[in-house]
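Naming: A, B, ... by sequence-line order, numbering from 1 per chain. Any value given below was found using the heavy atoms of this structure, including those in side chains, with hydrogens, waters and symmetry copies removed.
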Number of protein chains: 2
Amino acid sequence: MLEGDQFVKVAKIKRPQMIDLILEQLQNAILDGQLPVGTRLPPERELASALGVSRASLREALKAAALMGWIEIRPGEGSFVAKATSEKIIQPLSYVLMFDTENIGNIMELRSILEVETAGLAACRRSEEHLSEIRETMQRMEETASRNVEEFLEYDMLFHKKVDKAAGNPVLAKTNLILRELLREANRRVARLTEGRSTAIAAHHRIFTAIETRDEKAAREAALDHLKTVAGFVLDETRARANLIASPGAEVKGLAKPLLSHTERS
Amino acid sequence: MLEGDQFVKVAKIKRPQMIDLILEQLQNAILDGQLPVGTRLPPERELASALGVSRASLREALKAAALMGWIEIRPGEGSFVAKATSEKIIQPLSYVLMFDTENIGNIMELRSILEVETAGLAACRRSEEHLSEIRETMQRMEETASRNVEEFLEYDMLFHKKVDKAAGNPVLAKTNLILRELLREANRRVARLTEGRSTAIAAHHRIFTAIETRDEKAAREAALDHLKTVAGFVLDETRARANLIASPGAEVKGLAKPLLSHTERS
DNA sequence: CCAGATTTGTGGTCAGGCCAATAAACCTGT
DNA sequence: ACAGGTTTATTGGCCTGACCACAAATCTGG
């Protein structure tokens, strides 16, 4: 690419495309308040002729707008201006991170940062209802530990989801969810080990107790220990796998440098 | 997902849409490495018939993929698998956020968590080269403070980018970048104030010094103070705008509860 | 008055066509 | 033989018109 010579700084002339213009106009209309949330857009055929474009072009724009979360298209009904939700806002993150999945160590570090703070926030903000939801999930998780690995994993995920909820920040919750999904395969390998399941249960217990007593510091410490343990499992697994694939002695990417060094703080 | 009623576990029947299926297939192909970056996709007509769909449907999918940054469409040439860049993906959403005070607070909180840890990691891991890059960016930022708001903003962004780089976690860096992009509009409003620019410069100075002396604790504190200040500016601005739009006296959503309460730790 | 059948409106998809931009193959004068 | 412009094939951008599937509104018989 290397756009441009080093002498003239001309923006490459790009003929504006209909779809983009439509998209822009739609965006402006929503931002100007001309189209409040919930407003129903005119039918495609009508809107297309009003804008002076074909229905096909308009549809490409509408589809794009829908994927970006601006509108919701309901077959047989019409298109409606949608509310921006935390899911939609943070969704693009997952698209970007998808290209980095081989870099498990870095994702792990990011996750540990966020989960630690999340646990701390949950300890501060949790309500009684939050607490009982977390407790219930934890108990179900313990029950399934010796029975079904997949079910255990689901309750593991759910536990963290409930903690996220208690932390009261939907954007944070969604981000955590994405990171956990990215690491789901790694976690699955850990959960297959009996030792992995029992240590996870113990860690969740500590986290729960800390949240119950509103002890922010303890919650953060418990979460950090948990994540360190999981990271240890995962990285051992990963390293083992990597060594099977790469030449022996080859460095596993992203794991050579100090990982989780933010451990030694506070 | 688990998000059902507790009685019936019916997933709402949704007729899968061609475009989404195509999109999914494309995504998988890219993630599986079947389509390395730079690969040229078959012509639309050919690909459409190969997939057994109409060219119109395929086009909607390709257009969406292009907007998400997965591919690049060059008229007269073809479609090519592209490296996803976060800026392009996020840009449209940042405007929407201006009117979403609830999530601005939440995103701010998420950003503060990550930037604080990033500063700490940068203090631990930075090299001399990192340091000089950060220093240079900071100096340029100071030079432009009194001249050009847009340029100032760019250097502001760049400063944080350099700190991210020093922290040595690309995934963390990308996430931070996305969050900053999301808040770009808000930051722009802050940077327009002379006071906003001067306090930002002072804060960056503190962060730089802490990183220079490898003082992790100081780096974290400096970053936290900085973010708290920015959050104060942003939320004041947003609140003002929100009150102009919403009915007077209406509570600004999401700001009533403790924000940035993780401040009082360590 | 109401339940079921029918009509109407709407998005989802398709087929085929023309135009515009690009690149590759082709001339053409030197 | 070759540098230059010119033509041609390929490809994406856009349009028209049609049909299908689904949802709501309407009609109809009891």
Looking at residues at least two apart in the chain, or sitting in another chain, which of them share a side chain to side chain contact (heavy atoms under 4.5 Å, CB included) with [X]?
X: A/Pro42; answer: A/Glu46, A/Leu47
X: B/Glu154; answer: B/Arg184
X: B/Ser132; answer: B/Arg135

Might you list the N or O atoms of the protein lying below 3.5 Å from N or O atoms in nucleotides 4-10 of chain C, with each pair's distance?
{"from": "C/dT10", "atom 1": "OP1", "to": "A/Arg40", "atom 2": "NH2", "distance (Å)": "3.2"}

Check your understanding: If we only count heavy atoms from C-beta on, is the B/Leu21 to B/Val53 side-chain gap below 4.5 Å?
Key -> no
Practice item. Could I get the full list of ring pair (Phe, Tyr, Trp, His ring centres under 6.0 Å) partners for A/Phe152, not counting sequence neighbours? Key: none
Practice item. Could you list all the salt bridge (charged side-chain N to carboxylate O under 4.0 Å, His left out) pairs where at least one residue sits in residues 33-44 of chain A, not counting sequence neighbours? Key: A/Glu44-A/Arg55, A/Glu44-A/Arg59
Review point. Does any pair with a residue in residues 62-71 of chain A pass salt bridge (charged side-chain N to carboxylate O under 4.0 Å, His left out), and if so which ones, sequence neighbours excluded?
Key: A/Lys63-B/Asp20
Practice item. Within residues 49-63 of chain A, find the residues that approach DNA chain D with a heavy atom at under 4.0 Å, and present them sorted by residue number. Key: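 The stretch gives A/Gly52, A/Val53, A/Ser54, A/Arg55, A/Ser57 as the residues lying under 4.0 Å from the strand, ordered by number.
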[X] [atom1] to [N] [atom2], straight-line distance once rounded to whole Å:
X: B/Asp20; N: C/dG11; atom1: CG; atom2: C1'; result: 13 Å
X: B/Gln17; N: C/dG12; atom1: CD; atom2: P; result: 5 Å
X: A/Leu23; N: D/dG13; atom1: CG; atom2: P; result: 15 Å
X: B/Glu72; N: D/dG13; atom1: CD; atom2: P; result: 11 Å
X: B/Phe80; N: C/dT22; atom1: CZ; atom2: P; result: 12 Å

Practice item. Could you tell me whether A/Glu136 and A/Lys162 have a side-chain N and a carboxylate O separated by less than 4.0 Å? Key: no
Practice item. Kindly write out the residues that satisfy side-chain hydrogen bond (donor to acceptor under 3.5 Å, both in side chains) with B/Gln25, not counting sequence neighbours, or none if the list is empty. Key: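 None.
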**Study point:** Non-neighbouring partners of A/Asn169 that pass side-chain hydrogen bond (donor to acceptor under 3.5 Å, both in side chains), sequence neighbours left out
**Key:**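 Here the qualifying residues are B/Glu109.
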Exercise for review: Hey, could you give me each pair passing ring-ring contact (aromatic ring centres under 6.0 Å, His included) that has a residue in residues 16-36 of chain B? Not counting sequence neighbours.
Suggested key: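 For residues 16-36 of chain B, and leaving out neighbouring residues, there are no ring-ring contact (aromatic ring centres under 6.0 Å, His included) pairs at all.
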Exercise for review: Please report how far the helix from C/dC1-D/dG30 to C/dT30-D/dA1 bends, comparing the axis fitted to its first five pairs with the axis fitted to its last five, to the nearest 10 degrees.
Suggested key: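 Inter-axis angle at the ends, rounded: 20°.
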